[in-house]
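This report refers to the structure that appears directly beneath it.
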Protein chains: 4
Amino acid sequence: MSNLSADILATLEKQAIELPSWAFGNSGTRFKVFATPGTPRDPFEKIADAARVNELTGLAPSVALHIPWDLVDDFGALRAHAEGLGVSLGTINSNTFQDDDYKFGALTHEDPKVRQKAIDHHFECIDVMNATGSRDLKIWLAEGSNYPGQADMRGRQDRLHESLATIYERLSGEQRLVLEYKFFEPAFYHTDVPDWGTSYAQVAALGERAMVCLDTGHHAPGTNIEFIVMQLLRLGKLGSFDFNSRFYADDDLIVGAADPFQLFRILFEVIRGGGLNNPDVAFMLDQCHNVENKILGQIRSVLNVQEMTARALLVDADALRDAQISGDVLAANAVFMDAFYTDVRPALAEWRESRGLPADPMRAQLDSDYQRTIEADRVGGVQAGWGA
Amino acid sequence: MSNLSADILATLEKQAIELPSWAFGNSGTRFKVFATPGTPRDPFEKIADAARVNELTGLAPSVALHIPWDLVDDFGALRAHAEGLGVSLGTINSNTFQDDDYKFGALTHEDPKVRQKAIDHHFECIDVMNATGSRDLKIWLAEGSNYPGQADMRGRQDRLHESLATIYERLSGEQRLVLEYKFFEPAFYHTDVPDWGTSYAQVAALGERAMVCLDTGHHAPGTNIEFIVMQLLRLGKLGSFDFNSRFYADDDLIVGAADPFQLFRILFEVIRGGGLNNPDVAFMLDQCHNVENKILGQIRSVLNVQEMTARALLVDADALRDAQISGDVLAANAVFMDAFYTDVRPALAEWRESRGLPADPMRAQLDSDYQRTIEADRVGGVQAGWGA
Amino acid sequence: MSNLSADILATLEKQAIELPSWAFGNSGTRFKVFATPGTPRDPFEKIADAARVNELTGLAPSVALHIPWDLVDDFGALRAHAEGLGVSLGTINSNTFQDDDYKFGALTHEDPKVRQKAIDHHFECIDVMNATGSRDLKIWLAEGSNYPGQADMRGRQDRLHESLATIYERLSGEQRLVLEYKFFEPAFYHTDVPDWGTSYAQVAALGERAMVCLDTGHHAPGTNIEFIVMQLLRLGKLGSFDFNSRFYADDDLIVGAADPFQLFRILFEVIRGGGLNNPDVAFMLDQCHNVENKILGQIRSVLNVQEMTARALLVDADALRDAQISGDVLAANAVFMDAFYTDVRPALAEWRESRGLPADPMRAQLDSDYQRTIEADRVGGVQAGWGA
Amino acid sequence: MSNLSADILATLEKQAIELPSWAFGNSGTRFKVFATPGTPRDPFEKIADAARVNELTGLAPSVALHIPWDLVDDFGALRAHAEGLGVSLGTINSNTFQDDDYKFGALTHEDPKVRQKAIDHHFECIDVMNATGSRDLKIWLAEGSNYPGQADMRGRQDRLHESLATIYERLSGEQRLVLEYKFFEPAFYHTDVPDWGTSYAQVAALGERAMVCLDTGHHAPGTNIEFIVMQLLRLGKLGSFDFNSRFYADDDLIVGAADPFQLFRILFEVIRGGGLNNPDVAFMLDQCHNVENKILGQIRSVLNVQEMTARALLVDADALRDAQISGDVLAANAVFMDAFYTDVRPALAEWRESRGLPADPMRAQLDSDYQRTIEADRVGGVQAGWGA
């Protein structure tokens, strides 16, 4: 007998997690990028792999693109390709950190010509959005400085506002701008959008369709991330998640791999704040599978989110409130932990089967010919990575 | 010949740093509070010690009080006592963390009666402000929870807003509410105002006279504090500093003792953002002298702020801008570091003498009878500390 | 049907976790210690509460004492009292951080008279050990400095060796010295034994019966604690655990409460390295129940250790090795996570009942009169805390 | 008049800092490596740049090589080239992190064939040492795992010992093995030599000529690095420094740029422990000049070390000891800070000139044709970087 109620299963059925196209390409550290057989050579192949994840899990109906890595001549064709495989094209991610002109900034650069170039890149991204039908333009601002004194942080903040305002104005009424913050890296002394407060202040100054993106790996050590989730939902500004996990810095590991209980707490606050299956709050992955199989890594990731969502839904809200109101610390914590420690995996497997999905999507992929086929077929050409 | 220009000296002459009355009382860790001879037994003696710091340095013309630790029957008498010693009474700090009722929160508590009690305490603080002529009511929200699930973080945030709004309304048009954030401690899982973003969101919802207090020891490891200074000045919401320094947690060490270069960077951003000698931005200390002489510790602290302000004022702003604009990383950093490495101490000593102050306030205190006298006089009674 | 094999249950049956007497007294932060009804007033009452935890769980057959907090006139009587309640007296913890003479160090102090006083205190602890039949003398070296330059770190290290050697020589051939390291607090700049490397180097210089104590809350942010467990077991120097959990600093929360998966990984390495049910490796708690019921907090803690040990024992070692050898990252991780996510609580409840213990010790305590009785009986006197 | 005594200048005259050849090649983050005009294309050009740093500063008489990045057909020719430019070839750094075979480890790999390959690489490095006359073989063990369960940490530690022992035996009686530890990166869950304790335990098991390398950027947040310096000197196992600086992770910034006071404290402990100008303790840089001019970045770096050494030598040891012995916290700290705040730059400039060096080596390089010449000459070919 399942420990997941019909209500919970109905809620889970609506869950959708967007996959990043770049997760299927090669990635690594500054020391080494390991290549792997079968890696896609172009956006079409990335989308095929993403669609495979969705086919086996029913959890990943859209794919985020990264421009220029995923630039194609004909986005209509890419869109048709995706839809043919049962997925849609999702968030468009811009890139202003890999051009020599952006060595000292892009949207914040001292030189108006460089700023305009970066703005134009975002206009190009909006053109892509119009072609793909994407709603969200996501900006990770990889700008900052390495040495104290190198940059005028205040002037950069003001220029950032101007640049973002110009981009925001270009969006159609259905489109959104989502601004991602990050504690450090690639800059080492200061980052222009280092924390949720900065992202919030910047998007609040733009308008209603500007939102914050919370990447779970982009915080200082010890940060209570679920508190930020709560706060951004309260302020109506949580636009999207970039899920992954970390032990130290922005490790970009499989979501839930480093601290499963943290993921549980985050998802609990998502539910508490009305963010689950809320169209305003996009669930996305942003991960790197440096040493593990990439397709399996993505399958494992969406399953982790699903399983942990199920656990978070199991929290007995009434019992929790009673314990909280009465100041019974151990009772409240026990209600919380009871949900976390409940093994939802058998019930989810059974439910998957009932919906025509494999009970164990990891096993299904391993038992299939998919990986062997792509390894045989994807020979020659240049494997996709972060360089292109 | 002085390396400090007349302009710089004129700027430094206006500098004022508020001292915390509690720095003169005993403090310690959860493991031990060491007592020391000469420690004040009441607010009058604390203010005498604070006035001594001002007498020797000319830097500390006001004293912050903590309620109830500094409650007296007659605040008019305390005020007269202070003014007689050449100092004024400054910020009033509330305390909602030492009453048994506040075990699970005060302004955020589930129980409206406890919230009202905490609000009433702030009303009492405002009464004190009216008696002392204080402008600022500072609220350090020492509330939170120790275990996941223990508290409803979202509900607490909403109740916090209501409580703060009630207190804010009680203020006169000249008075301000300053909300201090803190990463952790005394709560270990969540703090209700853990970061500048939360403090900013809360005070922005109150009104113009609600501001953020930045305590330099209240951040996650690795946080770029000067960035936050820049951002809060930009947003017009930096109400005050609580200066101190730290290696690990909220160590409350002498400002500038742990990372002098960080203090330099903070003060540079204060100047850059128009926060120096700006009445909107109060400079205060919040420190604990657990193992060192308390009066000397406060003298050392205000001198550290003064010396580092002098260094920050030495930055050649034009040369810095030129280097920043041209993307010359090393030149910009060199301009910055040159100011930091300049030894301003001889020039400051000379300048002090020219103003009738001791060239070396530390030495002057050591050579005086002040400490011997208070050790002889302050016998009997209960030494001031955090308990009362 | 249980998911725990007879082998696993036989292993779990041998598990013993020592309780700290001070967990039953009041504790708090430097800001406030909340008192609670029913708190023990003396060591006899603390031991009664500890024995209650053992009675309900079968997991806690011994109690650690802290000297001087637990000094009694007649340790024979205390021992008989404990044994009458089914528990024994365990590790003796010394205290050289609460005497005014120790403000600047104890075993490391510049003054040989202070060092001798601290050594004499340890001799007194050894006398207690002889009376109680305790094997281990645990030394947490709460010494260090707050300001750079304050202390000669090198000289202190050398003096520490001399002091420890003198204490070590006094031990009988069956007794051990266990040296605990701590990253920071109560000292804020340097701690004389801040890391496992220092503790290891110091005890290695003493002899075979000198060992390292690993407190799970005493590390820098991000430290891989299970790696240290592995290394100390490999080096034959893991003498004991002080279990607790933390989000930020040395929070002393219930073990497993902050990061259950970390506790799982630690226990896995304990098993991997032969440390489980190994008499050389003592399992102890070192926690503070600042806001929750203390007896229930201790019950929850030993159950957490037991449950997580059961999960760690479930790891399919052969499958794990196969995956590791073949470099199959996801398969290896899956074996690991499968054990973690297995719900062992029903099987443990059933097993407890089969042994005459309550299926749910938390519920049993709540349903009993124990708490009500001690609240009624323990009236008057001074509640135990860290001060005495 | 100089504030540096003849004794101090005589000590400074002996100071030598080894430069890393790779600092002159391109480097960056996983997101982008920016190319710069004039970057060396081969080891000969790298050594020319390194020699230029020495020519202008008199501080950098040797260059460390990285194998295979600096492999040449004829090391005799490279050595002659170096000596012709006034520098020698120094430490040989091995590389076991950029070959596909090393994806899951090298000296620790499960597969003996991979381990042998990694050992053979070190034998090749020893061959290079024999050809270059290098004393030190430095091993940075970039091995570890990304996911819990992925690797058998204990088995890897044992295999590491075996591999290191095999390499150690191959060294001649004059040669040394230096083992570098690193907290994290490129592995994200566990690193096989993450801390000084592990490096110490491993080299202690090898023999007298095996030492620890301390990279100042390789510690957890908040780590007291000077304490480790003190401890390793005390244990006779500090083999070398890799100097750089950091705000967050292993940022590899210019030494002293992020926290000058930390560098001061480190150098003070070096002097205190007899490590200055001690042939057993090699001073090296390990940095990346991602956004700044590389030659100027190296000049700045060695000057920073020199200046800070001068400051550390200024500490009045007798006054410090007196204050420490008497427990006068503020006096001891004042002696310490007085040295740190003294501006030694004018005296050093004067002293440089007296020795036939440019007073301002940075300015001398900027005023010279060196950079223009290499930009004009080094056209075509592949710029050196970490890939080859």
Side-chain angles (χ1 to χ4, degrees), chain B residues 3 34 220-224 227 245-249 251 253-254 256-265 289-301 303-304 307-308 311 323 327-334 336-346 348 360 362-363 365-366, chain D residues 3 34 220-224 227 245-249 251 253-254 256-265 289-301 303-304 307-308 311 323 327-334 336-346 348 360 362-363 365-366:
Chain B
N3 48 18
F34 292 101
T223 299
N224 184 326
F227 182 93
S245 75
R246 66 188 282 268
F247 288 96
Y248 305 98
D251 305 344
L253 301 178
I254 289 173
D259 186 349
F261 184 44
Q262 183 186 59
L263 179 59
F264 174 82
R265 301 192 309 264
H289 304 296
N290 297 351
V291 298
E292 67 273 19
N293 182 283
K294 296 168 202 310
I295 296 172
L296 288 168
Q298 290 285 292
I299 294 174
R300 179 72 272 156
S301 300
L303 293 177
N304 280 358
E307 289 174 19
M308 208 56 88
R311 289 187 187 91
D328 191 334
V329 177
L330 291 171
N333 182 246
F336 211 67
M337 300 311 293
D338 183 42
F340 176 67
Y341 281 132
T342 299
D343 194 348
V344 298
R345 298 172 302 162
L348 288 173
D360 180 348
M362 296 287 280
R363 172 56 40 209
Q365 170 70 358
L366 285 165
Chain D
N3 49 18
F34 293 101
T223 300
N224 184 326
F227 182 92
S245 75
R246 67 188 282 268
F247 288 97
Y248 306 99
D251 305 344
L253 301 177
I254 289 173
D259 186 348
F261 184 44
Q262 183 186 61
L263 179 59
F264 173 82
R265 301 192 310 263
H289 303 296
N290 296 352
V291 298
E292 67 273 20
N293 182 284
K294 298 169 202 308
I295 296 171
L296 287 167
Q298 290 285 293
I299 294 174
R300 181 71 272 156
S301 300
L303 293 177
N304 279 358
E307 289 174 19
M308 210 55 89
R311 289 187 188 90
D328 191 334
V329 176
L330 291 171
N333 183 246
F336 211 67
M337 299 312 293
D338 182 42
F340 176 67
Y341 281 131
T342 300
D343 193 348
V344 297
R345 297 172 304 163
L348 287 172
D360 180 347
M362 297 287 282
R363 174 55 40 208
Q365 170 70 357
L366 285 165

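In what follows, every heavy atom counts, from backbone to side chain, and hydrogens, waters and symmetry copies are set aside. Values in this document were obtained by computation on a predicted structure and should not be read as measured data. Every chain is numbered from 1 and lettered A, B, ... according to where its sequence line falls, protein lines coming before strand lines.
For B/Asp338, the parts lying under 4.5 angstrom from a heavy atom of chain D are both the backbone and the side chain. Heavy atoms of B/Phe336 lying under 4.5 Å from chain D are absent altogether. Residue B/Arg246 does not touch chain D at all, counting heavy-atom pairs closer than 4.5 Å. For B/Ala257, the part lying near chain D is the backbone, with the side chain staying farther off; criterion is any non-hydrogen pair under 4.5 Å.
Considering all non-hydrogen atoms of both residues, B/Thr342 and D/Asp343 come closest at CA-OD2, 3.8 Å. Between B/Pro260 and D/Tyr341, the shortest heavy-atom contact is CB-OH, 3.3 Å. Shown here for D/Met337 and B/Arg345, the closest heavy-atom pair between the two residues is O-NH1, 4.4 Å.
Here the side chains of B/Val329 and D/His289 are not in contact, with every heavy-atom distance at 4.5 Å or above. Taking 4.5 Å as the limit, every side-chain heavy atom of B/Ile254 sits out of range of all side-chain heavy atoms of D/Asn333.
Once rounded to the nearest 0.5 Å, the distance linking CZ of B/Phe247 with OG1 of D/Thr223 reads 13.0 Å. With rounding to the nearest 0.5 angstrom, the CD1 atom of D/Ile295 is 12.0 Å from the CG atom of B/Leu330.
Your options are D/Asp328, D/Leu296, D/Asp259, and the one with the most heavy-atom pairs under 4.5 Å with chain B is D/Asp259.
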